[in-house]
Amino acid sequence: MDLFSLTIHELRDMLEKGETTSRAITESVLNRIKAVDDKVKAYITVTGDAALSQADGADKARKAGKASAVLGIPIAIKDNMCTAGTRTTCASKILGNFIPPYDATVVTRLNGSGSVMPGKVNMDEFAMGSSTENSAFFATKNPWDLERIPGGSSGGSAAAVAAGECIAALGSDTGGSIRQPAACCGVVGLKPTYGRVSRYGLVAFASSLDQIGPLTKDVTDTAIVMNIITGHDPKDSTSADIPVPDFTMSLVKDVKGMTVGIPKEYFIEGMDPEVDKSVREAVKTLERLGAKVVDVSLPHTGYAVATYYILATSEASSNLARYDGVKYGFRAQGAKDLLDMYMKSRSQGFGPEVKRRIMLGTYALSAGYYDAYYKKGQQVRTLIKHDFDEAFKKVDIIATPTAPTAAFKIGEKSSDPLQMYLSDIFTISVNLAGIPGISLPCGFTTGNLPIGLQLLGRHFDEGSVLHAAYAYEQATEWHLKRPKI
Amino acid sequence: MKISKQEVEHVAKLARLELAEGETDKLIDQLSNILTYVETLNGLDTKGVAPTSHVLDIKNVMRDDVSRPSLSQEQALANAPEKAAGHYKVPKIIE
């Protein structure tokens, strides 16, 4: 048995019994990275020496009586979360040399709990994409099939967890960027309620939608990481000042009395029939476990992608205005004046998808178009949120597929931005409404590619989401499968 | 909706982006496609619907105006491509 293939809770139990050490676990993970990352390409930066010294520190702290569920556990960080002294690139040339002078709050919290950081993982540039092909450095491969995408934008996080190149990872989700890669790579990924996890130190893409969350090998590990990273943070004015439950208390196998809603708008034409079948079977499993299943309608679902590509790009065009060649490391050479320096630095520093979204957002916010696009988008956002409010009057949980298909081939959608955007059709509404959503494995295609089940809950009710996810997971064996690589 | 070359060039200027010839043509097609798709929203009647800018009921967060530990000047400037005398250095603005 290889240590790198185990979960946080399995390793925690072994550590507590003195059956292994953090150094042994960290060495196992670093050796795994050496063995497979040439193929998977999950990591932008591996911080091996620092990880080993953190591991030794964790082993020492344990001997001194320190206890934490993640003490000594290697957790990879998506490269859009600031790590003091360690390059944080956002997979962009414009931040290629950026070394943050401070830690993101989630990183501070993990460090405080004694976890180990093996390195920073790949993503679509500025988290804009669904395949990790938009990284300015290299594309990450799906460990289940190296010719396919791992999903995105947290594709490095998902691929690293699936391939055993870390025990768990953090990702960020603006329109599905945790859940869709989790589905593609056969791991568990949770986007918490907007405001649940501090965004301080997360490089901003669309501030009203961005949220950090865990990618793990099973639901128990998701609850464990959530216990560490959630909570009010005075450094993030949108961080919710409400009590944080112990999420592991939601890990109950029985779902009697729970009502699960099935929205007809999420079972559409053009969807892979194998995905449709697996998700419907997953719903039957929940029913068998005691849940009541009812039909619900989310009538504005069809407008979500269009709404998102107005609002997210508008916010992005504003957030990314700060990259002007003055403060963050990269500056184009040979500019004739200040304006020229801005233009050249931005044009050379941003990749095509980022430029496209800045253009779209700038257009939507420009004089004469604001009402037609931005305001219209905000109004439709209200309608989409209202759909969920109404549905959650009748049900506790909504179950849907995470994505319409399993992982697609590298290059398959990269020439058509709109086709790429549509791969987020089932995840985007969740960010617009701000509710929590999880993706967990619910089957495999005949080509042996993982399929994701998405479970959604009310604002701040991650508890019910984890409860339903855990009950389903414990009744099935999908989460025990690992890719052969 | 078809976006014109002039509009793309104007928006690029607003966004402080310099587009190469081929890039402009590609963006005309791609942005036109996306905007056409986005126009499906026009089929929805949103008269009287309040816009949502934020899903949480958030208010301004205030704190006392007291000094707290912060980055040193050296740390704050550590990533500057060019600096001089404790400041960011940029190309000359005034002749």
Side-chain angles (χ1 to χ4, degrees), chain A residues 97-99 101-102 194-195 208 234 237-238 240 300 302-303 305-307 309-310 317 321 324-331 335-344 346-347 350 352 355-356 358-360 362-363 366 373 375-383 385 417-418 421 432-434 459, chain B residues 1 3 7-8 10-20 23 26-27 30-31 33-63 70-72 74-83 88-93:
Chain A
N97 300 316
F98 175 62
I99 298 175
Y102 65 93
Y194 183 83
S208 82
S237 61
T238 61
H300 297 95
Y303 298 101
V305 174
T307 304
Y309 278 94
I310 291 302
S317 73
D324 56 4
V326 176
K327 300 182 288 294
Y328 300 103
F330 179 80
R331 175 179 292 182
K336 57 180 192 291
D337 54 28
L338 185 66
L339 181 63
D340 195 40
M341 191 274 281
Y342 293 156
M343 307 268 275
K344 285 202 160 64
R346 289 168 63 77
S347 304
F350 291 134
K355 283 187 203 167
R356 193 150 48 231
I358 290 174
M359 289 288 292
L360 189 58
T362 306
Y363 179 78
S366 65
Y373 291 104
K375 191 177 165 211
K376 184 83 183 179
Q378 287 188 311
Q379 288 176 312
V380 183
R381 184 176 186 181
T382 303
L383 298 174
K385 183 171 178 282
L418 192 54
Y421 298 171
L432 292 168
H459 285 115
Chain B
M1 199 192 97
I3 187 167
E7 279 177 302
V8 169
H10 172 64
V11 172
K13 211 169 132 197
L14 292 176
R16 300 288 186 253
L17 291 170
E18 197 176 68
L19 302 175
E23 236 177 331
K26 220 175 185 177
L27 274 169
Q30 291 173 335
L31 294 179
N33 271 344
I34 297 167
L35 288 171
T36 304
Y37 177 74
V38 162
E39 273 159 17
T40 55
L41 297 184
N42 295 338
L44 263 181
D45 182 7
T46 51
K47 212 196 264 164
V49 176
T52 296
S53 57
H54 227 276
V55 287
L56 298 179
D57 186 20
I58 54 170
K59 334 177 247 309
N60 272 337
V61 180
M62 305 298 223
R63 65 172 171 84
S70 61
L71 297 179
S72 67
E74 198 186 324
Q75 284 174 311
L77 287 169
N79 286 286
E82 279 189 74
K83 57 195 155 190
Y88 293 106
K89 193 176 169 190
V90 296
K92 198 168 163 185
I93 303 172

*So which of A:G377, A:S366, A:P101 has the largest heavy-atom pair count under 4.5 angstrom toward chain B?*
A:P101
*asked:* If I measure from the heavy atoms of chain B, does A:N97 come under 4.5 Å with its side chain, its backbone, both, or neither?
replied: backbone
*Option in B:L77, B:L31, B:L41 with maximal non-hydrogen atom pairs under 4.5 Å from chain A*: B:L41
*For chain B, which of A:G434, A:S208, A:P352, A:G329 has the most heavy-atom pairs under 4.5 Å?*
A:G329
*Look at B:T40, B:N60, B:L35 and state which one has the largest set of heavy-atom pairs under 4.5 Å with chain A.*
B:L35
*asked:* Given 3.5 Å as the limit, does a donor-acceptor pair link the side chain of A:Q379 with the main chain of B:T46, or not?
replied: yes
_Atom of B:P81, atom of A:G325 and distance for their closest heavy-atom approach_ = CG-O, 3.3 Å
_I'd like to check B:V8 versus A:Y363 (side-chain heavy atoms, cut-off strictly below 4.5 Å). Are they in contact?_
no
*Indicate the atoms forming the closest heavy-atom contact of A:S347 with B:E18, along with that distance.*
OG-N, 2.6 Å
*Side chain, backbone, both or neither of A:A321 within contact of chain B (heavy atoms, under 4.5 Å)*: neither
*Where does A:F330 contact chain B at under 4.5 Å (heavy atoms): side chain, backbone, both or neither?*
backbone
*Say you draw a straight line from CD1 of B:I3 to CG of A:L360; how long is it, rounded to the nearest 0.5 Å?*
8.5 Å
*Which answer fits A:I310, side chain, backbone, both or neither, if we ask what part of it has an atom under 4.5 Å from a heavy atom of chain B?*
side chain
*Sort out for me which of A:D324, A:I358, A:T307, A:V326 touches chain B most, counting heavy-atom pairs under 4.5 Å.*
A:V326
*With only heavy atoms counted, which part of B:A50 is less than 4.5 Å from chain A, the side chain, the backbone, both or neither?*
backbone
_Closest-packed option against chain A by number of heavy-atom pairs under 4.5 Å, given B:K89, B:K83, B:K92, B:H10_ = B:K89
*Looking at side-chain heavy atoms only, is the closest gap between A:M359 and B:L19 below 4.5 Å?*
yes
*Could you have a look at A:K375, A:K336, A:M341, A:H459 and say which one has the most heavy-atom pairs with chain B under 4.5 angstrom?*
A:M341
_Toward chain A, the part of B:L17 with a non-hydrogen atom under 4.5 Å_ = both
*Any idea which of B:E82, B:H54, B:E39 has the most non-hydrogen atom pairs under 4.5 angstrom with chain A?*
B:H54
*Side chain from CB out, backbone as N, CA, C, O: work out which of these in A:K355 comes under 4.5 Å of a heavy atom of chain B, or both, or neither.*
both
*Nearest heavy-atom pair of A:P417 and B:I34: which atoms, and what distance?*
CB-CD1, 4.4 Å
*Check each atom of A:Y328 against the heavy atoms of chain B and say whether the ones under 4.5 Å are side chain, backbone, both or neither.*
backbone
*salt bridge (Lys or Arg N to Asp or Glu O under 4.0 Å) partners for A:R346, two or more places apart*: none
_As a quick check of understanding, evaluate side chain to side chain contact (heavy atoms under 4.5 Å, CB included) for B:L27 and A:R356, giving each step before the final call._
CA-CA 7 Å; B:L27 274 169; A:R356 193 150 48 231; 4.0 Å; yes
*asked:* Quick check: do A:L339 and B:R16 have side-chain heavy atoms less than 4.5 Å from each other?
replied: yes
*Check the surroundings of atom NZ in B:K26: do more than 12 heavy atoms from other residues, nucleotides or ligands lie under 6.0 Å from it?*
no
*Between chain A and each of B:V38, B:L44, B:N42, count heavy-atom pairs under 4.5 Å; write down the option with the most.*
B:L44
*Compare all side-chain heavy atoms of B:Q75 with those of A:Y102 and state whether any distance is below 4.5 angstrom.*
no
*Of the backbone (N, CA, C, O) and the side chain (C-beta and beyond), which part of A:T382 lies under 4.5 Å from a heavy atom of chain B, both, or neither?*
both
*asked:* Quick check: do B:Y37 and A:V305 have side-chain heavy atoms less than 4.5 Å from each other?
replied: yes
_Checking the side chain of B:N79 only, and the main-chain atoms of A:I99 only, is there a donor and an acceptor separated by less than 3.5 Å?_
yes
_Leading residue by heavy atom contact count with chain B [cutoff under 4.5 Å; candidates A:L418, A:D340, A:L432]_ = A:L418
*asked:* Between B:I93, B:L14, B:L56, who has the most heavy-atom pairs with chain A when the cutoff is under 4.5 Å?
replied: B:L56
*Is a donor on one side and an acceptor on the other found under 3.5 Å between the side chain of A:T362 and the backbone of B:V11?*
no
_Is B:V61 in contact with chain A via its backbone, its side chain, both, or neither, using a 4.5 Å heavy-atom distance?_
side chain
